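Heads up: the structure comes next, in structure tokens.
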Protein chains: 2
Amino acid sequence: MDTDPAMANFKVLYVLTQLCGLTMIVLMGSWVGVHMGGVGGTDNPALEFNWHPLLMTIGLIFLYGNAILVYRGFRTMRKKTLKVTHAALHMGAFILTVIALKTVFDSHNLAKTPIPNMYSLHSWLGLSAVLIFSLQYVIGFTAYLAPGAKESFRAALMPLHVYFGLFGFVLSIASACMGITEKAIFALGSSYSQLPSSAVMVNLCGVLFVVFGGLVVYLATNPAYKRKPIPEDTVLLTGSAE
Amino acid sequence: MDTDPAMANFKVLYVLTQLCGLTMIVLMGSWVGVHMGGVGGTDNPALEFNWHPLLMTIGLIFLYGNAILVYRGFRTMRKKTLKVTHAALHMGAFILTVIALKTVFDSHNLAKTPIPNMYSLHSWLGLSAVLIFSLQYVIGFTAYLAPGAKESFRAALMPLHVYFGLFGFVLSIASACMGITEKAIFALGSSYSQLPSSAVMVNLCGVLFVVFGGLVVYLATNPAYKRKPIPEDTVLLTGSAE
């Protein structure tokens, strides 16, 4: 495989994607830890909020992206193993997302002066992304992991599964960038425009989200990087995502 | 063509895309006109700003999306005519974008207390989208409209032209949603969370941006909707976007 120039190219981009993903998590963690006062429990709603951007970055961006990429990054694995890994990474993303949602609702509801929920464009689009993600999980699990789905149905559903999977992923990233915008304005006020280190850090986080997202979508949609069936894949699994 | 179910399906989605695009322009125009005090010239920087979201919606979202879609919506036209239309719509988008950028810089620089430029994530990502768009235009024009580019070069460049075209388009939409978030917070302050009609209107605008973008990308990437060469296309043009 190393002699194939497309695969050599893939490996470079794949490593770059992972470095970008890890950097954005470290950067978000540092921003929360250094500039936002760290994280806390329900007894401190302002600090409990800080779990929200951190867990969303790890779950709804990094794990979601890596769940998409398993079919490209681990192409020599059996199809069945890939599907289970895909579902498991998505489950990890889902659990972190649910916790991240709980912390933001808590931080609004438990504040001394409660803050209304679900008013901003960030919340509308972000929750839409979570709903699309969850529906995709249920439908994908039922169609591709649960036994009994007709082969023709699996094949017909696949383009929509891929499209809405990427749509939800890109919408998560866009929502995260709106969330960063909100939080930077709320936390920094008019000093945001002076670009203190906190602002530069969180802006760079947003840039990394976009680069990570762009790389994941490129690796997932470039036909040259598509996994080819291997002998270990049984006939039962044909027609599923490669 | 009407007997082909994929094409019947395409037509429904295409009309839906255009209705969604026109609605988002009307909604943005109404928001600017009704809630933001309308538009103005350099003598009133606050009102001059209002051109920015309106012209970006028409240029960098609606025209950009429609420039992408000409190869799908007008599939019976000659390839050469399609290319010229693609370039002309993109030129329209570019001109409106340049004016939209001028109005926002003016509104910052000419304000009684000047506002710093280029500090927000919206500005970083939005300007990146404009730069990607402009580079794409220059490279695309040189490779596909100017004579002399090698056929093999055109063909090799096409996947990247398509990828970065869609990347810039999606990044424009994400940036617009960040811009809406900023403006809603700056204009409404804490009353944003009470969801007055102005907030609902501008949030809905953001939702329409995302739906329009999702439809454009779906129509542009679904292989069933890809234009097939027609006899009028000369051999010289093979290998270009379909």
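Everything numeric in this text was worked out from a predicted model, so none of it was measured. A, B, ... follow the sequence lines: proteins, then strands. Residue 1 opens every chain.
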Separation between CD1 of B:Ile180 and NE2 of A:His122, rounded to the nearest 0.5 Å: 15.0 Å
Any residues in residues 107-118 of chain B near chain A, with a heavy-atom distance under 4.5 Å, and which are they? B:Pro116, B:Met118
Is any residue of residues 205-214 of chain B within less than 4.5 Å of chain A by heavy atoms, and which ones? B:Gly206, B:Val207, B:Val210, B:Gly214
When every non-hydrogen atom of B:Leu121 is compared with those of A:Cys177, the smallest separation belongs to CD2-O, 3.7 Å
Has A:Trp51 got more than 12 heavy atoms of other residues, nucleotides or ligands less than 6.0 Å from its CH2? no
Heaviest contributor of heavy-atom pairs below 4.5 Å to chain B, chosen from A:Ser120, A:Ala174, A:Ser190, is A:Ser120
Please set out all donor-acceptor pairs under 3.5 angstrom arising from side-chain atoms of residues 194-204 of chain B, sequence neighbours excluded.
residue: B:Ser198; atom: OG; partner: B:Trp31; partner atom: NE1; Å: 3.2
residue: B:Asn203; atom: OD1; partner: B:Tyr192; partner atom: OH; Å: 2.8
residue: B:Asn203; atom: ND2; partner: A:Tyr119; partner atom: O; Å: 2.7

Check this for me: A:Phe164, atom CZ, are more than 12 non-hydrogen atoms of other residues, nucleotides or ligands nearer than 6.0 Å? no
Structural part of B:Leu160 lying under 4.5 Å from a heavy atom of chain A: side chain
Taking distance alone, no hydrogens or angles, what donor-acceptor pairs closer than 3.5 Å link side-chain atoms of residues 12-25 of chain B to residues at least two apart or in another chain?
residue: B:Thr17; atom: OG1; partner: B:Leu13; partner atom: O; Å: 2.6
residue: B:Gln18; atom: OE1; partner: B:Asn66; partner atom: ND2; Å: 3.3
residue: B:Gln18; atom: NE2; partner: B:Asn66; partner atom: OD1; Å: 2.6
residue: B:Thr23; atom: OG1; partner: B:Leu19; partner atom: O; Å: 2.5

Please state whether the side chain, the backbone, both or neither of B:Tyr218 comes within less than 4.5 Å of a heavy atom of chain A. both
Taking the side chain as every heavy atom from C-beta outward, state whether A:Phe186 and B:Ile185 have any atom pair closer than 4.5 Å. yes
